[in-house]
Amino acid sequence: MAKDTVTVIDNRTGQQLELPIKDGTINALDLRKLKTGPEDFGLMTYDPAYMNTAACRSSITYIDGDKGILRYRGYPIEELAERKSFAEVAYLLLHGELPAADQLAQWKGQVTHHTMVHENVKKFIDGFQYDAHPMGILQTTVAALSTFYPDAKNIGDPECRKLQILRLIGKVPTLSAYAYRHRMGLPYVPPDNDLSYTGNFLNLLFKMAEPKYVPNPVLEKALDILFILHADHEQNCSTTAMRGIGSSHVDPYSALAGATAALWGPLHGGANEAVLRMLTEIKTIANVPGFIEKVKKGEGRLMGFGHRIYKNYDPRAKILKEMADKVFAVQGTNPLLDIAIELERIALHDEYFVQRKLYPNVDFYSGIIYQAMKFPVDMFPVLFAIPRTVGWLAQWEEMLTDQEQKIARPRQIYTGHWERHLPEYDAAAAGARA
Ligand code: CMC
């Protein structure tokens, strides 16, 4: 029977090494045994952007990029989006199992208990420029929370971690909505704990003078599904930032601020905003072929297309495309949808995109839906960050309780100058003095 090993022969020394294969991986540290001599550090792997490196074990999210499969704790994303609420999915991601009715009621109560923010937080949001990007406001206010909760540094205490997780899931929508209201020159309204997680978020954003805000049930449901789809996505750039920063044992607010920063980039969660700007620039369906030609010449990217892991249709994009019609039925259609559909139609048949297996990702349709829901374009990455907070925290908890994890510290291949000296420095004399 074939052994689950791989044999590496070092042609420099003739040394032969049999490496066990476990879970489809070899242990990179085993390669260090291949040395040319006692002075040699040993063989390392070189993997910029972690293209082929598993950095952790995780039982939270599974993706099969070739088949277009996404599962949270084993449940297909399609089933969760159709049958479950965001509150249930958040519980599932953090606890490993879906909540029973009493657990769900308790969970909702715990989260809503933490939706308010300290009055001083509003004061420093007021200090931002009137046109400050809400993602910048969210990132900095989340970081600032660490100064309000100095107890959060006790990351070794499970009860303390649980409290910070509840605080973050409760407060991130409030901070996000206040960033929006500051931008619009609107007063900050208090959370309404009678409402669902997404219903309360809509209240925090859009409540005016009415005594009780009543969210539109179709929009509330649509946002709930959007939140479910964005809740986790295994070891993406921002989650890697969360784990990496958290591995230094800093408090979770500081780590989550770093993850939020990573998410903001246009190659990651900022892509939904970039898609909208791209569609607006394209303007008409007639301009689509010309735009595609520019992309193929390397003059920009087709935003909302392509993925490191999915080499097939992103399952989240499929759900969103179907959901768009429900939102449009309430809010009126978004003319940019026709441009998006034409872009997709051409790209899915064009050799350039087919060869590179570039398909629409979650950000391709989400922005069009958010815009139809009357969110300003720069709120889009914030709408990604709110549900991803749950994923970041589930991954942070998993990282801290994983005995194999240590402070994240990759190696490098040094390409700079070898030792050299300042012209005025007499190295020989210094050596003699030593
Ligand atoms: N438009 C045009 N060409 C592309 C695109 C695109 N959107 N994405 C990749 N390519 C090309 C790329 O130029 C390269 O071609 P070549 O082999 O000739 O050099 C090839 O496809 C492979 O691309 P890559 O940059 O090596 O792939 P990657 O895995 O490093 O990048 C990505 C993944 C998502 C950053 C990239 O596809 C991209 O920039 N997409 C647009 C931004 C976007 O929509 N991001 C959202 C990702 S999903 C939400 C999330 O979870 O973050």
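All ligand and atom numbering here is 1-based and tracks the order in the structure.
With sequence neighbours left out, M116 forms a side-chain contact (heavy atoms from CB on, under 4.5 Å) with P191. Residues forming a side chain to side chain donor-acceptor pair (under 3.5 Å) with E404 (at least two apart in sequence, or on another chain): R57. Every residue two or more places apart in sequence or in another chain that forms a side-chain contact (heavy atoms from CB on, under 4.5 Å) with I245 is listed here: V250, A255.
In summary, the aromatic rings of H118 and Y149 are positioned with their centroids too far apart to meet the 6.0 Å limit.
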With side chain to side chain donor-acceptor pair (under 3.5 Å) as the test, would you mind laying out the steps for Q164 and R161 before giving the verdict?
-> CA-CA 5 Å; Q164 313 318 321; R161 289 202 302 272; over 6 Å; no

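Between the side chains of D314 and Y365, no donor-acceptor pair of N or O atoms lies under 3.5 Å.
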May I have the N/O to N/O pairs between ligand 1 and the protein that fall below 3.5 Å, each with atom names and distance to one decimal?
unit_1: ligand 1; atom_1: 1 (N); unit_2: L302; atom_2: N; d: 3.0
unit_1: ligand 1; atom_1: 3 (N); unit_2: Y352; atom_2: OH; d: 3.0
unit_1: ligand 1; atom_1: 7 (N); unit_2: L302; atom_2: O; d: 2.8
unit_1: ligand 1; atom_1: 7 (N); unit_2: F305; atom_2: O; d: 2.9
unit_1: ligand 1; atom_1: 13 (O); unit_2: R301; atom_2: NH2; d: 3.3
unit_1: ligand 1; atom_1: 15 (O); unit_2: R356; atom_2: NE; d: 3.1
unit_1: ligand 1; atom_1: 18 (O); unit_2: R356; atom_2: NE; d: 3.1
unit_1: ligand 1; atom_1: 18 (O); unit_2: R356; atom_2: NH2; d: 3.0
unit_1: ligand 1; atom_1: 25 (O); unit_2: R301; atom_2: NH1; d: 3.3
unit_1: ligand 1; atom_1: 25 (O); unit_2: R301; atom_2: NH2; d: 3.0
unit_1: ligand 1; atom_1: 29 (O); unit_2: R308; atom_2: NE; d: 2.8
unit_1: ligand 1; atom_1: 30 (O); unit_2: R308; atom_2: NH2; d: 3.0
unit_1: ligand 1; atom_1: 39 (O); unit_2: R301; atom_2: NH1; d: 2.7
unit_1: ligand 1; atom_1: 40 (N); unit_2: F305; atom_2: O; d: 2.9
unit_1: ligand 1; atom_1: 44 (O); unit_2: G304; atom_2: N; d: 2.8
unit_1: ligand 1; atom_1: 44 (O); unit_2: N361; atom_2: ND2; d: 2.9
unit_1: ligand 1; atom_1: 45 (N); unit_2: L267; atom_2: O; d: 2.9
unit_1: ligand 1; atom_1: 52 (O); unit_2: H268; atom_2: ND1; d: 2.5

